[in-house]
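Note that these values count all heavy atoms, side chains included, but never hydrogens, waters or copies made by symmetry. Counting starts at 1 for both ligands and their atoms, in listed order.
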Amino acid sequence: MALATETKRLVAQFEYTDEDVNIGVKEFLRQLDEGLSKNGSSMSQIPTYVTAVPNGTEKGLYLAVDLGGTNLRVCSVRLNGDNSFNLTYSKAAIPKALMVAKTSRELFQFIAQNIETFIKTHHYDHYEHHIRRRETMSNPEGYRDEAILRLGFTFSFPVRQVGINKGYLIRWTKGFDIPDAIGKDVCALLQDEINLLHLPVKVAALVNDTVGTLMARSYTSPGKTGALLGAIFGTGTNGAYIEKLSSIKKELEGVYDDSTGEMVINTEWGSFDNQLNVLPTTTFDVKLDLESVNPGIQMFEKRVSGMFLGEILRVVLVSLLQDKSVQLFHDDNSSHNDWKSTTTIAPESGIFKKWGLDSAIMSVAALDNTPDLGTLRQELDSQLDVYSPSMEDAQAFKAIACAIGRRAARLSAVAVGGIVLQSGKLTDPAYADQPIDVGVDGSLVEHYPHFRTMMHDALKAIDGIGEAGAERIRIGIAKDGSGVGAALIALVAQRMEEKQPTAIESMQQVRSELSLKNLGAIDEAVVPDAAV
Ligand code: BGC
């Protein structure tokens, strides 16, 4: 009984009402605008220099590397030009030691080695062709880069991007902590290691996973108006959306094509409301934050994403276990247990270890609707070393886990709803009756039961969206954003390279613009080789 009462009290702490959602959206829009106006604000609102989304007709073979939160993925993508693609990929777990290595070289070396293995396995022709070229480099034609594979580098951390393949790391998130890399150009770090292995690969584009998701969604499901937002709800959380250039008031330092009047912005909403103006904060959130590698940062992410939900739950369970008046995972004798056994929790249970509770068990809890919660109880036993948990234990676990999951889904609606309102599309007659397309990816949105439904329910409660508006918001899974999306941006980068005038063309253009024709011909011999 004491356990049930205490559970109720805890569940109430994770309640996030319709009113809270609306207060959250208001503040989200304020901080979003602040990020468009100046650098150094809570939400970084990073300009990506990508000013158009694809329409599905793009073609070519590209490589993509995705350094996410947990895994490294290397893949090649053949874009077929008809909204379809073929993808080959390999995946490796990122060794924990590399996430907190002394220098970033160890991590980037690991990535380059994985690229090497991938090319040798799946694109040996390119590899061999390139090796042969190196051997014949002395011929008068010199070295050409036909065999070079262009690579889109999905680097899912906050980066100050100053060009399509140049960006300086602002801070690590998701448990990574390699101080040496902060402030460095991550594309150059990777290219250096690739060059040391003599691989025929050029890091052509730097892509946040959310931008990739937006691109992939636009490529595979083009509507009349294209996708508005790409969002990740996985190990971490973030979103990238299309913003009007006229609303970006801070200085844009990189080169870009302004013909569309729009640019993709990487919001870095994981850091929305780091100052905790409106985010719900329980004592458990405070404890988790204090014990994280980046206290005070990514405060929205720490309440929403998969990496943290299991840890919040674990912290709550530890507090319950410490309270002797509440008998969680403990009973006096077998007569109190409907499985006629006694419950014990092993000292080595993940519940007693930091990060020891994998969020995946929260999905099991949410899904188990059997009368005796048998599936969840088995899972508690096999994953968390709780021997013979009682029905009351499982009920408490399920109720608290679901409350944490529901709060996360409703908070996610604050971000998605905020972006929809910011776009003005719901009230713009040009988009009347058009769906507002949102591509999402990540373990949480894919595997956590009813995450999207809970998000949708909260969207309906937002002033300015309502039932009718929420109906128009189409949230669809966009898998492979970091593969296909990165490939698409590598393609954009290649087009930009091709479009870039050679030095001679530039000089001729300058000459004609300045009407300096009378100065005579430009001496082509003075044009440096590298620039041609
Ligand atoms: C990073 C973002 C990334 C998100 C999802 C966050 O921790 O800061 O750059 O997009 O995780 O992977």
Side-chain angles (χ1 to χ4, degrees), residues 31-32 35 41-48 50 64-73 91 94 99-100 152-161 167-178 181-182 186-187 205-217 229-241 264-274 288-289 292-309 311 355 359 408 411-412 415-416 419 438-448 451 477-483 485-486 489:
Q31 294 191 21
L32 178 141
S41 55
S42 184
M43 255 164 80
S44 302
Q45 294 285 76
I46 302 169
T48 62
V50 175
V65 162
D66 173 19
L67 182 76
T70 324
N71 293 308
L72 173 76
R73 297 206 319 160
K91 184 163 119 177
I94 305 166
M99 297 181 178
V100 291
F153 182 22
T154 303
F155 184 78
S156 305
F157 300 91
V159 157
R160 184 167 70 86
Q161 192 151 0
Y168 304 104
L169 178 62
I170 300 173
R171 61 176 177 273
W172 289 108
T173 58
K174 296 176 282 199
F176 280 69
D177 187 19
I178 314 169
I182 308 285
V186 292
C187 285
L206 177 62
V207 188
N208 185 269
D209 50 0
T210 54
V211 183
T213 301
L214 177 61
M215 293 288 140
R217 179 78 183 168
L229 167 68
I232 302 284
F233 298 100
T235 309
T237 183
N238 187 16
Y241 74 106
V264 175
I265 294 286
N266 166 14
T267 64
E268 286 298 335
W269 72 37
S271 261
F272 161 54
D273 202 22
N274 280 347
L288 176 144
D289 180 49
S292 70
V293 290
N294 52 358
I297 296 174
Q298 301 291 106
M299 298 306 249
F300 183 71
E301 181 164 270
K302 283 173 181 160
R303 286 150 177 77
V304 169
S305 78
M307 170 158 180
F308 300 99
L309 297 189
E311 183 62 7
W355 307 110
S359 305
L411 277 166
S412 306
V416 172
I419 299 287
V438 177
V440 290
D441 195 7
S443 47
L444 203 57
V445 76
E446 258 194 279
H447 305 303
Y448 189 86
F451 195 83
I477 298 282
K479 282 210 69 64
D480 303 318
S482 49
I489 299 180

Check: of K302, E301, M307, E268, min heavy-atom distance to atom 7 (O) of ligand 1 comes from E301
Are any of the heavy atoms in Q298 under 4.0 Å away from ligand 1? yes
Would you kindly say whether S271 and S42 are connected by a side-chain donor-acceptor distance under 3.5 Å? no
How many angstroms lie between CG in L67 and CG in L72, if you round to the nearest 0.5 Å? 6.0 Å
Classify the ring geometry of F176 against W172: parallel below 30°, tilted from 30° to 60°, perpendicular beyond 60°. parallel
Output the list of atoms in ligand 1 that are nearer than 4.0 Å to some heavy atom of F157, sorted by atom number. 9 (O)
Please list, in number order, the atoms of ligand 1 under 4.0 Å from a heavy atom of I232. 5 (C)
Atom 1 (C) of ligand 1 [closest protein heavy-atom partner, distance rounded to 0.1 Å]: S156 O, 3.3 Å
Give the residue and atom name of whichever protein heavy atom lies nearest to atom 12 (O) of ligand 1, and the separation in Å to one decimal. D209 OD2, 2.6 Å
Please enumerate all residues that pass side chain to side chain contact (heavy atoms under 4.5 Å, CB included) together with T237, with sequence neighbours excluded. F233, W269, F300, E301, V304, S305
Does G234 reach ligand 1, in the sense of a heavy atom lying below 4.0 Å from it? no
Run the numbers for me: atoms of ligand 1, each under 4.0 Å from some heavy atom of N238, listed by number. 2 (C), 3 (C), 4 (C), 9 (O), 10 (O)
Which atoms of ligand 1 sit under 4.0 Å from any heavy atom of T173? 1 (C), 6 (C), 7 (O), 8 (O)
So for T235 against ligand 1, with non-hydrogen atoms under 4.0 Å, the contacting part is neither
Main-chain N/O of L288 paired to E311 side chain as donor or acceptor, under 3.5 Å: no
Listed partners of S359 passing side chain to side chain contact (heavy atoms under 4.5 Å, CB included), at least two apart: L309, M362
Evaluate side chain to side chain contact (heavy atoms under 4.5 Å, CB included) for N238 paired with T267, printing each intermediate quantity in order. CA-CA 7 Å; N238 187 16; T267 64; 3.2 Å; yes
Among all protein non-hydrogen atoms, which one is nearest to atom 11 (O) of ligand 1, and what is the separation to 0.1 Å? K174 NZ, 3.0 Å
Check step by step if side chain to side chain contact (heavy atoms under 4.5 Å, CB included) holds for V159 and I170. CA-CA 5 Å; V159 157; I170 300 173; 5.5 Å; no
